[in-house]
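Notes follow the structure.
Protein chains get the first letters and strands the later ones, always in sequence-line order, with residue 1 at the start of each.
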There are 2 protein chains.
Amino acid sequence: MATAKTTEFTQAEQDLATFAKALAHPARIAILKILAEQNACICGKIVEVLPLAQSTVSQHLKELKNAGLIKGTVEGPKSCYCINWEAFEKINSEFSFLFTSLKTQNSKSCC
Amino acid sequence: MATAKTTEFTQAEQDLATFAKALAHPARIAILKILAEQNACICGKIVEVLPLAQSTVSQHLKELKNAGLIKGTVEGPKSCYCINWEAFEKINSEFSFLFTSLKTQNSKSCC
DNA sequence: TTGTTCTATCGTAAAAAAACGATAAACTAA
DNA sequence: TTAGTTTATCGTTTTTTTACGATAGAACAA
């Protein structure tokens, strides 16, 4: 795949795409909202609220964790998840940077 | 798929996920950058720069267009694309809204 | 110990995304 | 008209994502 032509994609482009992918599913956005509302933790509560099976929710949590957006710790038999605010701040600024950098170039459409 | 449990996903969650999905590939982010830099248009130039086949680039352009992020017009045998700034502004504010609304709830991690 | 609860992981199936080559349509230039 | 450009679309393959049920491990309760 992608057999190098002129340019490869930059690291920034790839990072942003990875972050975007983590947000590219309504379930994962819903999870982030829940974690933010409840301030923290929660685990099986997410399963109760979402229209998905437990194993599927677990999978989404894993993806969010892999993307660095959330942190998780084990609490006895339960699992506690919460938003990783530092990483979140980073993503936020990267997105803002993308938007503003695109915008400041030129704000006219040609077609 | 998603056999309704308690809540379905909200429209806002789905919209955001759709936008995120449009940005979830380095090629599409690269395309947006190129369009912003060149202010507008371009078509085969994108193919020259990206490490992808022409048909693949065309596919990505189509996805960006479907997501409403870019506009396209035909100019003779060529195709002219440019960023749809209105839609872009909307996405930008939706993302900002997500980030800030999550953040303002509570900024403490529990785990 | 035994049973219960909670959650991660495994195995699997179905759907979507990504990529390519080939082709066809639309236009320009000779 | 004929040849060349440019790009969208078709057909296809491969990979990734999404989803589920079943299961296993960990911890608590009785």
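Backbone-only contact: A/S79 has heavy atoms under 4.0 Å from sugar-phosphate atoms and none from a base.
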Trace of the side chain to side chain contact (heavy atoms under 4.5 Å, CB included) decision for A/T73 with A/K78: CA-CA 9 Å; A/T73 48; A/K78 304 184 181 178; over 6 Å; no
Step-by-step ring-ring contact (aromatic ring centres under 6.0 Å, His included) determination, B/F88 to A/F99: CA-CA 8 Å; B/F88 223 79; A/F99 287 128; 5.4 Å; yes
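Judged by distance alone with a 3.5 Å cut-off, a donor-acceptor contact links the side chain of A/Q54 to the base of C/dA8. Counting distance only, with no hydrogens placed and no angle test, the side-chain atoms of B/Q59 and the base atoms of C/dA19 include a donor-acceptor pair under 3.5 Å.
Rounded to whole Å, the distance from CD1 on A/I31 to P on D/dA19 is 10 Å. We find that CG of B/L64 is positioned 12 Å from P of D/dA8, with the value rounded to whole Å. Note: NZ (B/K62) to C1' (C/dA19) measures 15 Å, nearest angstrom. The separation between B/L50 atom CG and C/dA18 atom P is 14 Å, rounded to whole Å. If you take CG of A/N66 and P of D/dT16, they are 15 Å apart, rounded to a whole angstrom. Rounded to a whole Å, the CG atom of A/L61 is 15 Å from the C1' atom of D/dA19. Atom NZ in B/K78 sits about 11 Å away from atom C1' in C/dC27, given to the nearest Å. The distance from atom CG of B/L52 to atom P of D/dT7 is 16 Å, rounded to the nearest whole Å.
Each end of the helix from C/dT1-D/dA30 to C/dA30-D/dT1 gets its own axis, taken as the rotation carrying the C1' atoms of four end pairs onto the next four within a five-pair window, and the two axes meet at 10° to the nearest 10 degrees.
Dashed line: the shortest gap from a side-chain N or O of B/Y81 to OP1 or OP2 of D/dT6 is not under 4.0 Å. At the phosphate of D/dA19, neither OP1 nor OP2 sits under 4.0 Å from any side-chain N or O atom of A/T56. The phosphate of C/dA19 has OP1 or OP2 within less than 4.0 Å of a side-chain N or O from B/H60. At least one side-chain nitrogen or oxygen of A/H25 sits closer than 4.0 Å to the OP1 or OP2 atom of D/dA19. Taking side-chain N and O atoms only, A/K21 has a distance below 4.0 Å to OP1 or OP2 of D/dT17.
A side-chain donor-acceptor contact under 3.5 Å links A/T100 to the backbone of A/S96. One N or O on the side chain of B/R28 and one on the backbone of B/A22 form a donor-acceptor pair closer than 3.5 Å. Judged by distance alone, with hydrogens and angles left aside, the side-chain atoms of B/E37 form no donor-acceptor pair with the main-chain N or O of B/I34 at under 3.5 Å. A donor-acceptor distance shorter than 3.5 angstrom exists from the side chain of B/N84 to the backbone of B/G68, with no hydrogens or angles considered. The backbone N or O of A/Q14 lies less than 3.5 Å from a partner atom in the side chain of A/T18, making a donor-acceptor pair.
Nearer to the 5' terminus of DNA chain C, by closest-nucleotide assignment, is the contact made by A/C43 (compared with the other of B/E63 and A/C43). Position along DNA chain D of the nearest nucleotide to B/S55 versus A/P77 favours B/S55 as the more 5'-ward residue. Mapping B/A27 and B/V74 onto DNA chain C via the closest heavy atom, the residue that lands nearer the 5' end is B/A27.
Between B/K62 and B/S58, every side-chain heavy-atom pair lies at or beyond the 4.5 Å cut-off.
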